[in-house]
Amino acid sequence: MKNSLAIVSGGALGATLRAMIGTALNGVPVSTFLVNVTGSIILGFFYQFVQSNHRISGTLKKFIATGILGSFTTFSTYSLDLFVYVREGQFFVAFLYGIGSILLGIIGILLGMTIARKMRRNPAWNG
């Protein structure tokens, strides 16, 4: 029950953040792209941080990774954006958006992990 509540509350937070960014950027597909790349960086960082810090509870992991980041990033909206571009005949934009999201998502994961590793080497991190 505790894990479920952590996921639900994290999901509410992540979805709210996602909606705020969408509103601020007028809901254009750029907001989905930005959220997915940013979410990938944060998830990569969190994944690496958790790997090197065993004091983090399973409930907190679920709150952040599944709840917040799971609802913050949005594959379904990404897919809809691609569909709309293709339906409107904007094939080049659809290609750039689709491939760019995947590649920058992977690069974001690696970037987040690298930042976490570098921070982990800092003595203040362990303090």
Side-chain angles (χ1 to χ4, degrees):
M1 185 67 162
K2 188 167 71 170
N3 286 336
S4 294
L5 289 173
I7 292 168
V8 167
S9 57
L13 180 58
T16 300
L17 290 170
R18 167 71 181 91
M20 289 170 58
I21 291 170
T23 300
L25 297 176
N26 296 320
V28 295
V30 169
S31 65
T32 303
F33 182 81
L34 177 66
V35 162
N36 286 338
V37 171
T38 302
S40 294
I41 293 168
I42 295 168
L43 185 58
F45 176 88
F46 184 70
Y47 175 81
Q48 185 64 42
F49 178 78
V50 168
Q51 295 295 348
S52 59
N53 188 335
H54 303 287
R55 296 178 298 203
I56 297 176
S57 72
T59 303
L60 181 59
K61 291 175 190 176
K62 290 183 186 323
F63 172 75
I64 294 171
T66 306
I68 295 174
L69 295 173
S71 64
F72 179 68
T73 59
T74 171
F75 186 76
S76 58
T77 304
Y78 160 79
S79 299
L80 178 62
D81 292 343
L82 279 174
F83 172 79
V84 170
Y85 282 135
V86 170
R87 185 185 66 200
E88 293 176 355
Q90 297 182 34
F91 301 110
F92 186 68
V93 173
F95 175 79
L96 287 178
Y97 179 65
I99 297 300
S101 294
I102 292 168
L103 290 177
L104 288 176
I106 292 168
I107 290 168
I109 292 286
L110 293 171
L111 177 62
M113 292 174 70
T114 300
I115 292 168
R117 277 192 214 106
K118 289 186 184 294
M119 288 179 69
R120 183 76 177 148
R121 290 186 197 125
N122 184 334
W125 177 279
N126 300 313

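Everything numeric here is computed off the predicted structure, so don't read it as measured data.
Other cluster members for F92: F95, L96, I99, L103, joined by side-chain heavy-atom distances under 4.5 Å among Ile, Leu, Val, Met, Phe, Trp and Tyr. In the hydrophobic clustering, where aliphatic and aromatic side chains (Ile, Leu, Val, Met, Phe, Trp, Tyr) are joined below 4.5 Å either directly or transitively, F83 groups with L80, V84. Summarising the hydrophobic clusters (Ile, Leu, Val, Met, Phe, Trp, Tyr; side-chain heavy atoms under 4.5 Å, direct or chained), the residues clustered with V8 are none.
Shown here for G105 and S40, the closest heavy-atom pair between the two residues is O-CB, 3.2 Å. Residue S71 comes nearest to A15 through the heavy atom pair OG-N, 3.1 Å, listed as atom of the first residue, atom of the second, then distance.
Considering only residues two or more places apart in sequence or on other chains, K2 meets the side chain to side chain contact (heavy atoms under 4.5 Å, CB included) condition with T59. Partners of I56 by side chain to side chain contact (heavy atoms under 4.5 Å, CB included), not counting sequence neighbours, listed by chain and number: F49, V50, N53, L60, K61. For S31, the side chain to side chain contact (heavy atoms under 4.5 Å, CB included) partners are R18, I21, L25, not counting sequence neighbours. The side-chain hydrogen bond (donor to acceptor under 3.5 Å, both in side chains) test applied to Y97 returns D81, not counting sequence neighbours.
With S9 contributing its side chain and A6 its backbone, the two residues share a donor-acceptor pair below 3.5 Å.
For the atom pair I7 CD1 and I64 CD1, the distance stands at 12.5 Å (nearest 0.5 Å). Rounding to the nearest 0.5 Å gives a distance of 10.5 Å between CG of L111 and CG of L104. Atom OG1 of T114 and atom CD1 of I107 lie 11.5 Å apart (nearest 0.5 Å). The OG1 atom of T73 lies 12.0 Å from the CD1 atom of I68; values are rounded to the nearest 0.5 Å. Here the CZ-CG distance, from R117 to L110, works out to 8.0 Å after rounding to the nearest 0.5 Å. The CD atom of Q48 sits 12.0 Å away from the CE atom of M119 when rounded to the nearest 0.5 Å.
Sorted by first and then second residue, the ring pair (Phe, Tyr, Trp, His ring centres under 6.0 Å) pairs with a member in residues 51-76 read F75-Y78; sequence neighbours excluded.
With contacts defined as side-chain heavy-atom distances shorter than 4.5 Å, the pair I41/I109 does not qualify.
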Candidate pair M113 and F45, rule side chain to side chain contact (heavy atoms under 4.5 Å, CB included), full reasoning: CA-CA 4 Å; M113 292 174 70; F45 176 88; over 6 Å; no

Check against side chain to side chain contact (heavy atoms under 4.5 Å, CB included), Q90 and V86: CA-CA 6 Å; Q90 297 182 34; V86 170; over 6 Å; no

